[in-house]
Amino acid sequence: MRDAIRLATKNVKSGKGGPFGCVIVRDGEVIARAVNRVTALNDPTAHAEVMAVRAACKKLNDFQLEGCEVYTSCEPCPMCLAALYWARCSAIYFGNSAQDAADAGFDDSFLYEELKRPLQERRIPISRLLAEEAIENFDVWRASAQRVDY
């Protein structure tokens, strides 16, 4: 955890990104370290946790991180939390809370509220199109002998 906190602080001091750091560990070995690179890469998905997941998966040559523990300087936002769940991490530890982040100007509570709203009431219009055609994607997936379930 101290490594994640140190990474977050160093990232801010370097002027290269936000106050977020993440370390992924398996069996006591550090698999990946990452920091927030949103502004440096002009990539809204380049949160420390997502960057760490990408690096860990690449290092392990696997899209799942079973048995990995995540140490992150701040409670994961909804996007990062989803990524950590999809990666099948075994535990998540954090330093700062979501409220601490909100107090520092990183408030993601609106996302949790947005997900509770019916589609027609969301801030960004969202509509279903071509459902009858789109279902072919899943039909082909279910029939594929090459699919990798996850």
Legend entry - For Arg123, salt bridge (Lys or Arg N to Asp or Glu O under 4.0 Å) partners two or more places apart: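 So Arg123 forms a salt bridge (Lys or Arg N to Asp or Glu O under 4.0 Å) with Glu114.
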Legend entry - Any residue meeting salt bridge (Lys or Arg N to Asp or Glu O under 4.0 Å) with Glu113, in chain and number order, not counting sequence neighbours: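 Once residues adjacent in sequence are excluded, the partners of Glu113 under the salt bridge (Lys or Arg N to Asp or Glu O under 4.0 Å) criterion are Lys116.
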So do [Y] and [X] actually touch side chain to side chain, heavy atoms under 4.5 Å?
X     : Y     : result
Phe94 : Ser73 : no
Arg37 : Asp43 : no
Leu60 : Cys68 : yes
Leu65 : Val70 : no
Phe20 : Cys80 : no
Arg54 : Thr45 : yes
Val23 : Val30 : yes
Leu41 : Met51 : yes

Closest non-hydrogen atom pair, [X] against [Y]:
X     : Y      : value
Pro44 : Met79  : O-CE, 3.9 Å
Pro78 : Asp108 : CD-OD2, 3.5 Å
Ala56 : Ala32  : N-CB, 3.6 Å
Ser97 : Cys74  : O-SG, 3.8 Å
Cys22 : Ala52  : SG-CB, 3.7 Å

Legend entry - Pairs involving residues 55-83, ordered by first then second residue, that meet salt bridge (charged side-chain N to carboxylate O under 4.0 Å, His left out) (sequence neighbours left out):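 Pairs touching residues 55-83 that pass the test: Glu29-Lys59.
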Legend entry - Selection residues 126-150 - residue pairs positive for salt bridge (charged side-chain N to carboxylate O under 4.0 Å, His left out), sequence neighbours left out: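 Every salt bridge (charged side-chain N to carboxylate O under 4.0 Å, His left out) pair that includes a residue of residues 126-150, provided the two are not neighbours, is Asp139-Arg142, Arg147-Asp149.
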Rounded at 0.5 Å granularity, tell me how far [atom1] in [X] sits from [atom2] in [Y].
X     : Y     : atom1 : atom2 : value
Ile31 : Arg26 : CD1   : CZ    : 6.0 Å
Arg6  : Met1  : CZ    : CE    : 13.5 Å
Thr72 : Leu81 : OG1   : CG    : 10.5 Å
Ile24 : Ile92 : CD1   : CD1   : 9.5 Å
Thr9  : Leu7  : OG1   : CG    : 9.0 Å
Cys77 : Glu49 : SG    : CD    : 6.5 Å

Inset, instruction - Tell me, yes or no, whether the heavy-atom count around Tyr112 atom OH, taken from other residues, nucleotides or ligands under 6.0 Å, exceeds 12. - result: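 Enclosed.
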Legend entry - Arg117, CZ: over 12 other non-hydrogen atoms inside 6.0 angstrom: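 Atom CZ in Arg117 is crowded, with more than 12 foreign heavy atoms closer than 6.0 Å.
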Inset, instruction - Evaluate the ring planes of Tyr71 and Tyr93, with Trp represented by its six-membered ring, and classify them as parallel (under 30°), tilted (30 to 60°) or perpendicular (over 60°). - result: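 Aromatic pair Tyr71/Tyr93 classed parallel.
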Inset, instruction - Verify the cluster assignment for Ile124 and Ile126: are they in a single hydrophobic cluster under the rule of side-chain heavy atoms below 4.5 Å apart? - result: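 They do not share one cluster, since no chain of ILVMFWY contacts under 4.5 Å joins Ile124 to Ile126.
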Legend entry - Same cluster (ILVMFWY, side-chain, under 4.5 Å), Phe106 and Val35: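 Not linked; separate clusters.
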Inset, instruction - State which residues pass side-chain hydrogen bond (donor to acceptor under 3.5 Å, both in side chains) with Arg33; sequence neighbours excluded, sorted by chain then number. - result: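 Listed in chain order: Asp3.
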Inset, instruction - For Ser109, enumerate each residue passing the side-chain hydrogen bond (donor to acceptor under 3.5 Å, both in side chains) test, keeping only those at least two apart in sequence or located in another chain. - result: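 Ser109: side-chain hydrogen bond (donor to acceptor under 3.5 Å, both in side chains) contacts with Asp107.
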Legend entry - Under 3.5 Å donor-acceptor, Arg88 side chain and Trp86 backbone: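 Flag set: sc Arg88 to bb Trp86 pair under 3.5 Å.
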Inset, instruction - State whether the side chain of Asn11 and the backbone N or O of Gly18 hold a donor-acceptor pair below 3.5 Å, judged by distance alone. - result: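 Yes; at least one donor-acceptor contact below 3.5 Å.
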Legend entry - Steps toward side-chain contact (heavy atoms from CB on, under 4.5 Å) verdict (Val53, Cys57): CA-CA 6 Å; Val53 165; Cys57 288; 4.0 Å; yes
